[in-house]
Amino acid sequence: MRLFYRIHQTWSALTAKPEKSDLEEVEDFLPPSQFALFKGLHPSEQSHSIAVYRGLLENGLEQPDLLTAALLHDVGKNRCPVHLWDRIVIVLGEEIVPSLAASWGEAEPDSWKRPFVVSQKHAGWGAQMAAAAGASQLTVDLINRHQEQVPAGNNAPTNNHKDTHPSKLTEDDLLALLQKYDNKN
């Protein structure tokens with residue numbers, strides 16, 4: 001049943017488009033060079049990133065580096081865009097044969113393995129792109145690590161963070177929060 005859920009989730013995500021007001025808000029938040037990266041995302045990826053950003057904001061998480069990482073965490077996918085069928089192949093491969101999908105992701109993006117390469121390497125590519133666009137080192141690190149497995153014990157805090165001072169959240173805390181809202185959306 002998880003496979004059918006992932007296929008439905010993927011289809012729903014791929015058909016999403018951001019509202020004009022959401023794009024205006026993102027443009028107001030990001031510097032022009034970073035907004036240009038964001039605008040390069042497929043509209044469905046823009047909607048996903050906005051949903052991650054909104055989820056954080058709605059829970060009182062207003063740390064600027066975290067919010068920027070939420071908006072830019074998938075920009076590495078701009079380097080080697082994939083088609084709708086590629087995205088479905090990625091979901092199927094990662095659900096049915098995860099170890100093979102991981103090994104295929106180590107290839108170069110110029111073969112049939114391209115979707116798996118993009119899925120696996122987009123975080124590093126995105127971090128490089130964000131750095132070149134002037135993102136802070138913390139934002140770059142969060143983007144680079146957003147697919148990393150967080151060690152046990154470093155789970156995203158589950159309480160509402162409206163009373164948590166941003167300086168009390170470590171990079172691992174911020175990463176866990178980014179992953180939590182990325183996985184929800």
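Treat the numbers as computed from the prediction; the structure is a model and nothing was measured. Numbering of residues begins at 1 and proceeds along the displayed sequence.
Residues K39 and V26 fail the side-chain proximity criterion, which asks for heavy atoms closer than 4.5 Å. You'll find the side chain of L169 stays beyond 4.5 Å of the side chain of L66, heavy atoms only. At least one side-chain heavy atom of L72 sits less than 4.5 Å from a side-chain heavy atom of L30. Considering only heavy atoms from C-beta on, L138 comes within 4.5 Å of Q63 through its side chain. Two residues are said to be in side-chain contact when any heavy atoms from C-beta on lie closer than 4.5 Å; F116 and V89 meet this criterion. Between R145 and D172 there is a side-chain heavy-atom pair separated by less than 4.5 Å.
For E19 (side chain) and D22 (main-chain N/O), no donor-acceptor pair under 3.5 Å exists by modelled atom type. At distances below 3.5 Å, at least one donor-acceptor pair connects side-chain atoms of Q46 with backbone N or O atoms of L41. At distances below 3.5 Å, at least one donor-acceptor pair connects side-chain atoms of R114 with backbone N or O atoms of P81. Side chain of N183 to main chain of Q179: a donor-acceptor pair is present (N/O by atom type, distance under 3.5 Å, no hydrogens or angles). A donor-acceptor pair is defined here as one N or O able to donate and one able to accept, closer than 3.5 Å; no such pair exists between the side chain of H73 and the backbone of A123.
In plain terms, the two heavy atoms of P115 and V82 that are nearest each other are CA-CG1, 4.1 Å. Between N144 and G124, the shortest heavy-atom contact is OD1-CA, 3.3 Å.
Using a 4.5 Å cut-off between side-chain heavy atoms of Ile, Leu, Val, Met, Phe, Trp and Tyr, V140 forms no hydrophobic cluster with any other residue. In this structure, I90 shares a hydrophobic cluster with no other residue, the cluster being traced through Ile, Leu, Val, Met, Phe, Trp and Tyr side chains under 4.5 angstrom apart.
Here Y53 and F29 bring their ring centres to under 6.0 angstrom of each other.
Among pairs with a residue in residues 116-138, those fulfilling side-chain hydrogen bond (donor to acceptor under 3.5 Å, both in side chains) read D65-S136, D74-H122, R79-Q128, E94-S119, E106-Q120, H122-H146, S136-T139, Q137-D141, at least two apart in sequence or across chains.
A continuous path of hydrophobic side-chain contacts links I88 to V97 [ILVMFWY only; heavy atoms under 4.5 Å]. Cluster membership for V118 and M129, using ILVMFWY side-chain heavy atoms within less than 4.5 angstrom, is not shared.
Under 4.0 Å is where a charged nitrogen must lie from a carboxylate oxygen, and between R54 and E25 at least one such pair does. Look at E108 and K113 and you find no salt bridge, because none of the NZ, NE, NH1 or NH2 atoms lies under 4.0 Å from a carboxylate O.
Ring orientation note: the planes of F35 and F38 are close to parallel, at an angle under 30° on the 30°/60° scale.
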